[in-house]
S.K.: 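Structure provided below as structure tokens; questions to follow.
Only this structure's heavy atoms are used, side chains among them; waters, hydrogens and symmetry mates stay out. Quick caveat: nothing in here was measured; it's all calculated off a predicted structure. Quick note on labels: first sequence line is chain A, next is B, and so on, each numbered from 1.
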Protein chains: 2
Amino acid sequence: MRNPPPSTIRVTYLIETDGEPERLAAKIASDQSTGTFVALPGETEELKARVAARVAAVRRLEPSRAPSFPSGAPGPFNRAEADIDFPIDAIGTDLAALMTITMGGVWSIRGLTGIRVTGLKLPEEYRHAHPGPQFGIPGSRRLAGVEGRPIIGTIVKPALGLRPPETAALVKELIAAGVDFIKDDEKLASPAYSPLAERVKAIMPLILEHEQKTGRKVMYAFGISHADPDEMMRNHDLVLKAGGNCAVVNINSIGFGGMSFLRKRSGLVLHAHRNGWDILTRHPGLGMDFSVYQQFWRLLGVDQFQINGIRVKYWEPDESFVASFAALRKPLFSPDDCPLPVVGSGQWGGQAPDTYERTGRTQDLLYLCGGGIVSHPSGPAAGVRAVRQAWEAAVAGVPLETHAKDHPELAQSLAFFGDGKAA
Amino acid sequence: MRNPPPSTIRVTYLIETDGEPERLAAKIASDQSTGTFVALPGETEELKARVAARVAAVRRLEPSRAPSFPSGAPGPFNRAEADIDFPIDAIGTDLAALMTITMGGVWSIRGLTGIRVTGLKLPEEYRHAHPGPQFGIPGSRRLAGVEGRPIIGTIVKPALGLRPPETAALVKELIAAGVDFIKDDEKLASPAYSPLAERVKAIMPLILEHEQKTGRKVMYAFGISHADPDEMMRNHDLVLKAGGNCAVVNINSIGFGGMSFLRKRSGLVLHAHRNGWDILTRHPGLGMDFSVYQQFWRLLGVDQFQINGIRVKYWEPDESFVASFAALRKPLFSPDDCPLPVVGSGQWGGQAPDTYERTGRTQDLLYLCGGGIVSHPSGPAAGVRAVRQAWEAAVAGVPLETHAKDHPELAQSLAFFGDGKAA
């Protein structure tokens, strides 16, 4: 009997060059695995061959007129998609090694005028090698007490500059308004004017009191990020001990190490904000696709993943958001590794029909409205009702304008936010 | 008496837009600090004002014809440098908060066709807030036993695919050749064919035996990176217990969390490889300057920092390397926070004169030659001698060709590597 072929990690690169893409693909495979420059005896060549990356396919695309990295060359710039297979033996299952070996060096290669990682297919060896989400979609629903519709959330604003009592006053109003979820702005962790300990002490009693009265516990995501994992765990513990169940983590700022450390010890739902991500993806010829990036963070244990939405205030076009949502919905190894997509930025309910239609008609999402709830002309409670009405209409396939005829809060939203005021 | 004005963190951005740079600078300041959308009572406005970022200056530059991010606009694209001051109260001294608040969101802003962070000036509050390098330049020199000249290092190749006994055989040859420093390729940590424990067991006796015989301990940097800080510490401990004194850490792959955790517990010189960095800096209109990036990692505790060199095999032009070297040489708060610059990629001694002249005539560097030592026609020992001869010539201001007349190893190097074979 023959042994099965060894597992490989397949990485797909979009290559752009004024040279030959096939040659650059071969260079990536060589540079990123065995490299060269010493001749070795026969037995070693065999092992080297076993861990060497191999170009499996190169598919030429239309050349581009403009280079992604500035180039003195006149162009056109040849483009191709290359699949490169890395033997699992060369990398193992450590995510830092995966990042270093498959991507670490590719953006430094001379002769490329552009390179973007567009695909990553992990083998079975990764199935049980990482913790993945601890709570994910079912845990988020259970803790927020929301089934059969999107979880409706909002953000405390202004981002910076509220003292804990002022924050608490706003939170009290938001709880009374009927939101399911509230979060600190991602820029807020524990500054001197609002130490996390004081913010937790001011906010958690309001959450718990509301739970006692109504049986429903609003999920509050406190900002706990810190470059030092020990400090971050102290922040985590403060929230958990006070009865909190969720935390905002700025994944790019804490890195794989911070996330890995936290997930192993966490009792909180981990709500990931990906600030800083745009520099890795906004240029279509450079960086990487979200479908690649998100795999790392899901394996590391993100429970809720912020990914913008339809008609956002940022640069990201709707198609990019739709692709990100689809990536999060696709199991890596099992449905349990799917985090809850968090749809936000300029949302107010008006985007509910398009969001629903373009994301596979799922209601498994956290729909995050800042101004769209808080700035509703009749106040936050009307804002929450309007967003829920918009989702009811979206799911029923009823136009918002029709549904608004007997839903006055939605009618007000349409009149007020229809011109873009929710951003 | 009036209070002194509060400290600020000054961040400089290169802004590119088909609109007005002044308007975009104001938007960055607003988005990245207090944001908007809720009217607040008077007292709160005062605090909000205290933590709000402010545009201190906008300096128009020549417009650019091509946009950095692809844009449908016809151009020209207006460019300006903007200084924005962030009050220390808004951020504190946590480096994750610093990254999130000053940079996290800027690449997502609509209306910008390019944005690059070109300056970061930290206030006094940061002076004692972070560990910084534990060993730095003096510690690296002391442990490697090298004074008065550059530390000469090399890399074990091939990058992947050697079993520990094969690695040890190469290391034995390199030690005998007289190198001061040897490192694992950054892509090597602890794969199944070369577990770190076995590699340490095969290599450290050679280092220690040589130390016993000669009194000089070759510094060997073992790859210890892992996404999980606990695993990374186990790797660290393996090296330390076996008598090792240095480790390669892939800083971007472990993140701030991994680096912070490691530094607090480390007994090893931390040699930083910045693989992945190029995507953040290669496009001149996007990302950030090394002078900004390196401040974070120095404060976190990098002892030795890899930064390419003159005439490297990668994309980076010499001027960019020279600027990176200058950035590392400039104290943030004290000379103790300067890591040892590690100059590498395609180096063989031929670049010694330009390196010396263009980096302020310092010999405080680790000069890393791979093929430039190993592939010397007369073997590694001749390779090491040739590199030292090249540095002697550079420091003496003698042309390499002149010095080569009575230094045969250098003469061989000039003949062999002069045509680019060291890459």
Side-chain angles (χ1 to χ4, degrees), chain A residues 33-35 37-38 44 47-48 51 69 89-90 92 94-97 99-101 103-105 107-108 110 157-163 166 186-187 189 191-193 225-229 250 253-258 260-261 275-276 278-280 282-284 286-287 314-315 370-371 374-375, chain B residues 33-35 37-38 44 47-48 51 69-70 89-90 92 94-97 99-101 103-105 107-108 110 157-163 166 186-187 189 191-193 225-229 250 253-258 260-261 275-276 278-280 282-283 286-287 314-315 370-371 374-375:
Chain A
S33 58
T34 52
F37 84 58
V38 190
T44 309
L47 175 56
K48 201 174 134 181
V51 299
F69 289 129
D89 280 356
D94 170 34
L95 294 169
M99 180 61 83
T100 295
I101 296 176
M103 299 177 212
W107 297 293
S108 70
R110 186 193 283 180
K157 296 272 178 180
L160 304 182
L162 293 177
R163 291 191 182 86
E166 296 155 346
E186 79 278 2
K187 288 181 283 296
Y193 66 87
S225 297
H226 199 288
D228 179 342
N250 295 316
S253 299
I254 65 170
F256 289 176
S260 173
F261 186 86
N275 58 85
D278 301 84
I279 191 57
L280 296 179
R282 183 167 171 177
H283 195 302
L286 305 175
Y314 303 117
W315 72 276
V374 173
S375 305
Chain B
S33 60
T34 53
F37 84 57
V38 189
T44 310
L47 174 56
K48 201 175 135 182
V51 299
F69 289 129
D89 282 356
D94 170 35
L95 294 168
M99 181 59 84
T100 295
I101 296 175
M103 300 175 212
W107 296 293
S108 69
R110 186 193 282 181
K157 297 272 177 182
L160 305 182
L162 293 177
R163 291 192 181 86
E166 295 155 346
E186 80 278 2
K187 288 181 283 295
Y193 66 88
S225 297
H226 199 288
D228 179 342
N250 295 317
S253 299
I254 66 171
F256 289 176
S260 173
F261 186 86
N275 58 84
D278 301 84
I279 191 58
L280 297 178
R282 182 166 172 179
H283 195 302
L286 305 176
Y314 303 117
W315 71 276
V374 174
S375 305

S.K.: With chain A as the partner, which of B:P229, B:A192, B:G105, B:A90 has the greatest number of non-hydrogen pairs under 4.5 Å?
M.R.: B:P229
S.K.: Given the options B:G255, B:G258, B:S260, which has more heavy-atom pairs under 4.5 Å with chain A than any of the others?
M.R.: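 It is B:S260.
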S.K.: So which residue, B:I254, B:L160, B:V51, ends up with the most heavy-atom pairs under 4.5 Å with chain A?
M.R.: B:L160
S.K.: Which heavy-atom pair separates A:R282 from B:S108 by the least distance, and what is that distance?
M.R.: NH1-C, 3.7 Å
S.K.: What part of B:F261 lies closer than 4.5 angstrom to a heavy atom of chain A: side chain, backbone, both or neither?
M.R.: both
S.K.: Give, as side chain, backbone, both or neither, the part of B:D228 having an atom under 4.5 angstrom from any heavy atom of chain A.
M.R.: both
S.K.: Between B:L280 and B:L286, is any pair of side-chain heavy atoms under 4.5 Å apart?
M.R.: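 Result no, sub-4.5 Å side-chain heavy-atom pair not found.
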S.K.: Taking C-beta and beyond as the side chain, do A:S33 and B:K187 meet within less than 4.5 Å on heavy atoms?
M.R.: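 Heavy-atom side-chain distance check fails, nothing below 4.5 Å.
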S.K.: Would you mind reporting whether B:M99 and B:F256 have side-chain heavy atoms less than 4.5 Å apart?
M.R.: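 Counting from C-beta outward, B:F256 and B:M99 do come under 4.5 Å.
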S.K.: Using a cut-off of under 4.5 Å on heavy-atom pairs, state which of B:D89, B:L95, B:I101 scores highest against chain A.
M.R.: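 Greatest number of close heavy-atom pairs with chain A: B:I101.
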S.K.: Starting at NE2 of B:H283, measure out to CZ of B:F69 and round the result to the nearest 0.5 Å.
M.R.: 8.5 Å
S.K.: In terms of heavy-atom pairs under 4.5 Å, which option from B:A227, B:S225, B:G276 contacts chain A the most?
M.R.: B:A227
S.K.: Under 4.5 Å from any heavy atom of chain B, what part of A:A189 do you find: side chain, backbone, both or neither?
M.R.: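 A:A189 has no heavy atom closer than 4.5 Å to chain B.
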S.K.: Do A:K157 and A:V374 make a side-chain contact, defined as non-hydrogen atoms from C-beta onward lying under 4.5 Å apart?
M.R.: no
